[in-house]
Amino acid sequence: PACPVDRTGRAVTVPRPDTPKGKRTGAPVVDIADRRPAAAPPHDDAQERAVIRALLLLGPDAVATFTGAGGSPATFYRPAHADTFRAVAAVVAKGGTPDPLTVAHEAERLGLTDVVPDAGGLAALSADTVGSLDLARYVPALVDLERRRAAIGRARRDEARARDFS
């Protein structure tokens, strides 16, 4: 089995079977076959935040550009970013403008408040994210990362099946 990682891609430490009870070695669990921790799937948090910023600041046209370039909730690695996109898209589908307050209310209506920031957090995200509003540059890169994550997932499933046959 691959090294367990948290959502940020850091290796999770667990006690080794031969460790005295109650003590942790602090060493990550590794796959015996390759002796290295599993890497986080390919993603780019800065580009994801830049896309969310553009969606909040540019409105319906940005959503159309994002989806037209192949973007979807699955394009985002972070669940909070995917659910924020879902809330933005829902606001736009109703004919609204996706400002932070409206998106926060829509996220609440959709039951996404566990991961989507509140209106203040969305406003801070739209104000603080460094980068341009150039969706034409960011969206293809994020879609490519999504495809790479999917290919890695397929390869891991194939590897698991292959190991089951041996």
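Here, residue 1 is the first one in the sequence, and each next residue gets the next number.
In this view, Glu146 satisfies the salt bridge (charged side-chain N to carboxylate O under 4.0 Å, His left out) rule with no residue, not counting sequence neighbours. Legend: residues meeting salt bridge (charged side-chain N to carboxylate O under 4.0 Å, His left out) with Asp99, ordered by chain and number and at least two apart, are absent. Residues forming a side chain to side chain contact (heavy atoms under 4.5 Å, CB included) with Leu145 (at least two apart in sequence, or on another chain): Pro42, Asp44, Leu142, Arg148, Arg149.
Here the CG atom belonging to Asp83 is positioned 11.0 Å from the NE2 atom belonging to His81, to the nearest 0.5 angstrom. To the nearest 0.5 Å, atom CG of residue Leu112 and atom CZ of residue Arg86 are 7.0 Å apart. We find the CG-OG1 distance between Leu122 and Thr102 to be 10.5 Å, quoted to the nearest 0.5 Å. Atoms CG and CG, on Leu135 and Leu58 in that order, are 6.5 Å from each other to the nearest 0.5 Å.
Shortest non-hydrogen contact noted between His43 and Ala40 is CE1-CB, 4.0 Å. Residues Ala119 and Ala104 share a closest heavy-atom pair of N-CB, 3.5 Å. Pro98 approaches Val88 most closely through the heavy-atom pair CB-CG1, 3.7 Å. Of all heavy-atom pairs spanning Ala54 and Ala62, the tightest one is O-CB, 3.7 Å. Nearest heavy atom pair, residue Ala69 against residue Val139, reads CB-CG1, 3.4 Å. In this structure, Pro79 and Val115 approach most closely via the heavy-atom pair O-CG2, 4.2 Å.
Checked against the 6.0 Å centroid criterion, the rings of Phe76 and Phe66 qualify as a close aromatic pair.
If you run side-chain hydrogen bond (donor to acceptor under 3.5 Å, both in side chains) between Asp158 and each of Arg156, Arg161, Arg154, only Arg161 comes through. Screening Thr75, Thr67, Val51 for a side-chain contact (heavy atoms from CB on, under 4.5 Å) with Phe85, the sole residue that qualifies is Thr67.
At least one side-chain heavy atom of Thr84 sits under 4.5 Å from a side-chain heavy atom of Pro117. Within the 4.5 Å cutoff, side-chain heavy atoms of Val92 are placed close to those of Pro60.
Under the 3.5 Å distance criterion, the side-chain polar atoms of Glu48 are matched with a main-chain donor or acceptor of Tyr77.
The residues Lys94 and Glu106 are annotated as salt-bridged, a charged nitrogen and a carboxylate oxygen being separated by less than 4.0 angstrom.
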Task: Derivation and outcome, side-chain contact (heavy atoms from CB on, under 4.5 Å), residues Arg137 and Gln47 - done: CA-CA 9 Å; Arg137 184 175 78 182; Gln47 285 187 6; over 6 Å; no
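By the criterion of side-chain heavy atoms lying less than 4.5 angstrom apart, applied directly or through intervening Ile, Leu, Val, Met, Phe, Trp or Tyr residues, Val91 is not grouped with Leu101; the two fall into different hydrophobic clusters.
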